[in-house]
Amino acid sequence: MNLANKITVARMLLIPLFLVLLLHVPAPAGPLWALVLYILASSTDKLDGWVARKYNLVTTFGKFLDPLADKLLVLSALICLTWYGRCSPYISILVLMRELVVTSFRIVAMGNGLELAADGWGKAKTFVQNVAVYLTLLGMVWPGAVLLWASAVLTLYSGYRYLSNNWQCIGHNW
């Protein structure tokens, strides 16, 4: 396993620790340390991609695992925030559905020998989701809620764009 993939796996291994801190360590320490860990984990997304490109370490495994790690991190946070009443369950369910559909779509395309990268809207969605989680974990519930709903709109729009721009890539097996 190369360095870029190790960074991605490390991001995934931080998720259980994030969950323990957020769900089992009392406030204010638990949510604060969970936020620090979330920021650390989410920032490794840029790092692993940079390392993979700079040192020519791009792999099929990494192309699949990196977006999966991002989705698992964000969904873990949204589900916890929903549990605490700080995120609407509609947002969590919408994000989960979008990610399952897009990931399934990517897997079918990969089976047809195609790689479908995220576009700017997908990256914007992830950025807004992360900032919303940061603010909500900081206790800034109102700005966090506004950004969570904005991320829901971006989730719908980016999912629509992703599917409509790449529909032909999954073949004509319908």
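Computed over heavy atoms, backbone and side chain alike; hydrogens, waters and symmetry mates excluded.
- Side chain of Asp66 to main chain of Gly62: no donor-acceptor pair is present (N/O by atom type, distance under 3.5 Å, no hydrogens or angles).
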Check the pair Trp33, Leu17 against side-chain contact (heavy atoms from CB on, under 4.5 Å), reporting the backbone distance first and the verdict last.
-> CA-CA 10 Å; Trp33 282 111; Leu17 184 54; over 6 Å; no
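- Note that CH2 of Trp167 and CZ of Phe105 are 6.0 Å apart. Values are rounded to the nearest 0.5 Å.
- No single ILVMFWY cluster, assembled from side-chain heavy atoms under 4.5 Å apart, contains both Val58 and Leu65.
- The CG atom of Leu14 sits 10.0 Å away from atom CG of Leu21, with the distance rounded to the nearest 0.5 Å.
- At a cut-off of 3.5 Å, with distance as the only test, no side-chain donor of Thr155 or Arg98 sits close to an acceptor on the other residue.
- Counted within 6.0 Å of CZ on Phe64, heavy atoms from surrounding residues, nucleotides or ligands total 12 or fewer; the atom is thus considered open.
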Please test Trp149 against Ser88 for side-chain contact (heavy atoms from CB on, under 4.5 Å), starting from the C-alpha separation and ending with a verdict.
-> CA-CA 9 Å; Trp149 281 106; Ser88 167; 3.6 Å; yes
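- Arg53 places a side-chain N or O within 3.5 Å of a backbone atom of Gly49 that can act as its donor or acceptor partner.
- Across Tyr134 and Ser42, no two heavy atoms sit closer than the pair OH-OG, 2.7 Å.
- If you chain together hydrophobic residues whose side chains sit under 4.5 Å apart, Leu72 and Ile39 fall into the same group.
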Derivation and outcome, side-chain hydrogen bond (donor to acceptor under 3.5 Å, both in side chains), residues Tyr38 and Asn130 | CA-CA 9 Å; Tyr38 188 91; Asn130 282 329; 2.5 Å; yes
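- Taking CD1 of Ile91 as the start and CD1 of Ile79 as the end, the distance is 13.0 Å to the nearest 0.5 Å.
- Remark: the Asn5 side chain and the Thr59 side chain contain an N/O donor-acceptor pair separated by less than 3.5 Å.
- The two residues Lys125 and Ser151 make their nearest non-hydrogen contact at CG-O, 4.3 Å.
- Hydrophobic clustering places Leu19 together with Leu40 (ILVMFWY residues linked when any side-chain heavy atoms are closer than 4.5 Å, directly or through intermediates).
- Crowding of Tyr157 atom OH: a count of heavy atoms from other residues, nucleotides or ligands under 6.0 Å exceeding 12.
- Ionic pairing of Arg106 and Glu99 is not present here: no N-O contact between side-chain nitrogen and carboxylate oxygen is shorter than 4.0 angstrom.
- When every heavy atom of Ser158 is checked against every heavy atom of Gly122, the shortest pair comes out as CB-N, 3.8 Å.
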Step by step, work out the side-chain hydrogen bond (donor to acceptor under 3.5 Å, both in side chains) result for Thr136 and Arg86.
-> CA-CA 7 Å; Thr136 306; Arg86 293 186 173 188; over 6 Å; no
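- Of all the heavy atoms in Leu154 and Ala124, the pair that sits closest is CD1-O, 4.0 Å.
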Worked verdict on Leu116 versus Met110 for side-chain contact (heavy atoms from CB on, under 4.5 Å) = CA-CA 8 Å; Leu116 305 177; Met110 287 173 89; over 6 Å; no
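- A salt bridge does not link Lys6 to Asp48: none of the charged side-chain nitrogens sits closer than 4.0 Å to a carboxylate oxygen.
- Between Tyr84 and Leu23, the closest heavy-atom pair is OH-CA, 3.5 Å.
- Atom CD1 of Ile15 sits about 9.5 Å away from atom CG of Leu75, to the nearest 0.5 Å.
- Put simply, CD on Gln129 and NZ on Lys71 are 9.0 Å apart, with the number rounded to the nearest 0.5 Å.
- Smallest separation of non-hydrogen atoms from Val133 and Ala77: CG1-CB, 3.8 Å.
- In this structure the side chain of Pro31 reaches within 4.5 angstrom of the side chain of Leu22, judged on heavy atoms.
- For the pair Leu135/Val141, no side-chain contact is recorded, criterion being any heavy-atom separation below 4.5 Å from C-beta on.
- Both Leu147 and Leu138 are part of a single hydrophobic cluster, where members link through side-chain heavy atoms under 4.5 Å apart.
- Expressed to the nearest 0.5 Å, how far CG of Leu78 lies from OG of Ser92 amounts to 4.5 Å.
- No chain of hydrophobic side-chain contacts below 4.5 Å, direct or via other Ile, Leu, Val, Met, Phe, Trp or Tyr residues, connects Tyr90 to Val146.
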